[in-house]
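FYI, side chains are in, hydrogens and waters are out, and symmetry mates aren't considered; it's all heavy atoms of this structure. Numbers restart at 1 for each chain; the letters A, B, ... are given by sequence-line order, proteins then strands.
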Protein chains: 2
Amino acid sequence: MDPTDAAACSIARTLDVVGEKWTFLILREVFRGVRRFDDVRVATGAPRQVLSERLASLVDRGILRREPYREPGQRPRHEYRLTDRGFDLYPILIAMLAWGDRHLPAPDGPALRAAHRDCGADVRIALRCEAGHEVAALRDVVPRPGPGARRAQTVAGSSGSRV
Amino acid sequence: MDPTDAAACSIARTLDVVGEKWTFLILREVFRGVRRFDDVRVATGAPRQVLSERLASLVDRGILRREPYREPGQRPRHEYRLTDRGFDLYPILIAMLAWGDRHLPAPDGPALRAAHRDCGADVRIALRCEAGHEVAALRDVVPRPGPGARRAQTVAGSSGSRV
DNA sequence: GAGGCTAGGTCTGCTTGACAGACCCATCAA
DNA sequence: TTGATGGGTCTGTCAAGCAGACCTAGCCTC
């Protein structure tokens, strides 16, 4: 895949929207229900300017929406909530959580879990193909060119043997 | 979660390792079987200095390993291969691929697919809890504090109603 | 009305990383 | 020896991050 194809690659497009640390940390907080500017700022450690800009960008791109609210005795304020489109980013965060839990475990165990609402057990990523098969091993997932690929190149051909 | 807890959060730890665009793009290429410095450079468009530094960092952190090889008539070279630890990052990329396919589709369709080796069908992320339940909706995944959380705070308590 | 408080935003100057382009070094073949 | 080149490093410029300070607007109290 050369940069021409990279433009058609969904991973690259996703990265254009969320491919940096602060954005992911903000999404983590919003997923957890932390929605106010200063709460997010304290939780993530993001500088105000960075946070302000990222929140605006996420709203622009339809991932978050600003919801006005007002507590008695205070001025009107806004909180940030996920759109459906934003909610669909959750698997990325769950996958990151899983990788970190497994490969970079914290001494006291994780601070955050993703749990199944009904039974409370931890939620994990599973892989399934559209024909309905369980894909048990990551090595059973292979990259293939899709319809938007521009060259007739074999994906794994150019650098020798398989992954 | 304040920055103290953030240090125990697996998402943040994962982001410390892979939380930026170039790293993900490099991983995409290596997952696809593109392993040589210049091939990765051309495919990702990364400047040499960035690529060199990121590759070294991924090797340092045990995600990639450098494998020497030598083609007849050429000097010794290295290619970059995934470690098992690196391979476990695949679900993150698959989740990104899915999000991009769905929310930012390319006009000609995706350039890259993740396919099931045995049957060729597209692989997708599914969610399952450790008690064995299928988690059909993302909204059935709820954040919970884990054992490493430092405060007795309720996760969703501080900003009002649920996500 | 004035004054105080503060949530969220903006500004300034400094630091750090990205980036383009150039250069460098080591290994091979002729 | 020379020439080619893969992978790396260097230099100067630009852009973003960052700390700290400042600003504005809406509310309340006096």
Side-chain angles (χ1 to χ4, degrees), chain A residues 2-3 6-7 12 15-27 29-30 33-61 64-81 158-160, chain B residues 2-3 6-7 12 15-27 29-30 33-61 64-81 158-160:
Chain A
D2 62 27
L15 289 171
D16 279 343
V17 177
V18 296
E20 65 84 38
K21 179 179 93 166
W22 294 120
T23 302
F24 281 122
L25 289 174
I26 292 166
L27 290 171
E29 292 309 314
V30 180
V34 180
R35 302 193 187 85
R36 295 172 182 178
F37 187 98
D38 210 58
D39 293 341
V40 174
R41 182 187 67 79
V42 169
T44 59
R48 299 248 269 266
Q49 189 167 340
V50 169
L51 181 56
S52 177
E53 192 273 329
R54 295 291 191 283
L55 286 170
S57 172
L58 289 168
V59 171
D60 272 355
R61 293 163 179 247
L64 297 183
R65 63 181 203 276
R66 275 163 64 93
E67 192 92 14
Y69 76 97
R70 188 168 166 284
E71 293 184 5
Q74 294 191 19
R75 96 280 308 279
R77 298 170 68 183
H78 292 91
E79 58 182 26
Y80 295 87
R81 286 176 173 263
S158 66
S159 297
Chain B
D2 61 26
L15 288 171
D16 279 343
V17 177
V18 296
E20 64 84 40
K21 180 180 91 166
W22 293 119
T23 302
F24 282 122
L25 289 175
I26 292 166
L27 290 171
E29 292 310 314
V30 180
V34 180
R35 302 191 188 87
R36 296 172 182 179
F37 188 97
D38 210 59
D39 294 339
V40 175
R41 184 188 65 80
V42 169
T44 59
R48 299 250 266 269
Q49 188 166 344
V50 169
L51 181 56
S52 177
E53 192 274 329
R54 294 292 192 283
L55 287 169
S57 172
L58 288 167
V59 170
D60 272 356
R61 293 162 178 246
L64 298 181
R65 63 182 204 276
R66 276 163 62 97
E67 191 92 12
Y69 75 100
R70 188 167 167 282
E71 293 185 4
Q74 294 191 19
R75 94 279 310 285
R77 299 170 66 184
H78 292 91
E79 58 182 26
Y80 294 87
R81 287 177 171 260
S158 66
S159 297

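In the set dG17(D), dA25(D), dG6(D), the nucleotide with an atom closest to the side chain of Val50(A) is dG17(D). With distances taken from any side-chain atom of Arg77(A) to the nucleotides dG7(D), dG8(C), dC19(C), the minimum falls on dG8(C). For Pro76(B), the listed nucleotide lying nearest its side chain is dT27(C); candidates were dG26(D), dG17(D), dT27(C). Closest to the side chain of Ser52(B), from the set dG8(D), dT12(C), dC19(C), is dG8(D). Nearest nucleotide to the side chain of Arg66(B), out of dC18(D), dG26(D), dG8(D): dG8(D).
Between Leu55(B) and Trp22(A), it is Leu55(B) whose nearest contact on DNA chain D lies nearer the 5' terminus. Along DNA chain D, the nucleotide nearest to Ala46(A) and the one nearest to Pro72(A) differ in position, and the one closer to the 5' end is contacted by Ala46(A).
When the side-chain nitrogen and oxygen atoms of Arg36(B) are compared with OP1 and OP2 of dG7(D), none of them lie within a distance under 4.0 Å. Between Arg41(A) and dA19(D), a side-chain N or O to OP1/OP2 separation shorter than 4.0 Å is absent. The side chain of Arg54(B) contributes an N or O atom lying less than 4.0 Å from OP1 or OP2 of dA18(C). Taking only side-chain nitrogens and oxygens, Arg48(A) never comes nearer than 4.0 Å to OP1 or OP2 of dT6(C).
Taking atom CD of residue Gln49(B) and atom P of nucleotide dG8(D), one finds them 12 Å apart after rounding to whole Å. Rounding to whole angstrom units, CG of residue Asp39(A) and P of dT6(C) are separated by 15 Å. Atom CD of Glu20(B) and atom C1' of dA16(D) are 14 Å apart (whole Å). Computed from coordinates, the Arg75(B) CZ to dC24(C) C1' distance equals 13 Å when rounded to whole Å. Here dG17(C) presents its C1' atom at 16 Å from CG of Leu51(B), a figure rounded to the nearest Å. What separates NZ of Lys21(A) from P of dT16(C) is a distance of 15 Å, to the nearest Å. Nucleotide dC27(D) holds its C1' atom 13 Å from the CD atom of Glu71(A), rounded to whole Å. What separates CD of Glu53(B) from C1' of dG7(D) is a distance of 15 Å, to the nearest Å.
Residue contacts shown for Tyr80(A) are limited to sugar-phosphate atoms, with no base heavy atom under 4.0 Å away.
What you find for Tyr80(A) and Leu64(A) is that their closest heavy atoms are CB-CD1, 4.0 Å. Here the shortest heavy-atom pairing between Ile26(B) and Val40(B) reads CG1-CG1, 4.2 Å.
A salt bridge links Glu71(A) with Arg36(A): the distance from a Lys NZ or Arg NE/NH1/NH2 to an Asp or Glu carboxylate oxygen falls below 4.0 Å. Classification of Arg65(B) and Glu67(B) as a salt-bridged pair holds, one side-chain N sitting under 4.0 Å from a carboxylate O.
Between Phe37(B) and Arg48(B), some side-chain heavy-atom pair lies under the 4.5 Å cut-off.
For Arg70(A) (side chain) and Gln74(A) (main-chain N/O), a donor-acceptor pair under 3.5 Å exists by modelled atom type.
For Gln74(A) against dC28(D), no side-chain N or O and base N or O form a donor-acceptor pair under 3.5 Å.
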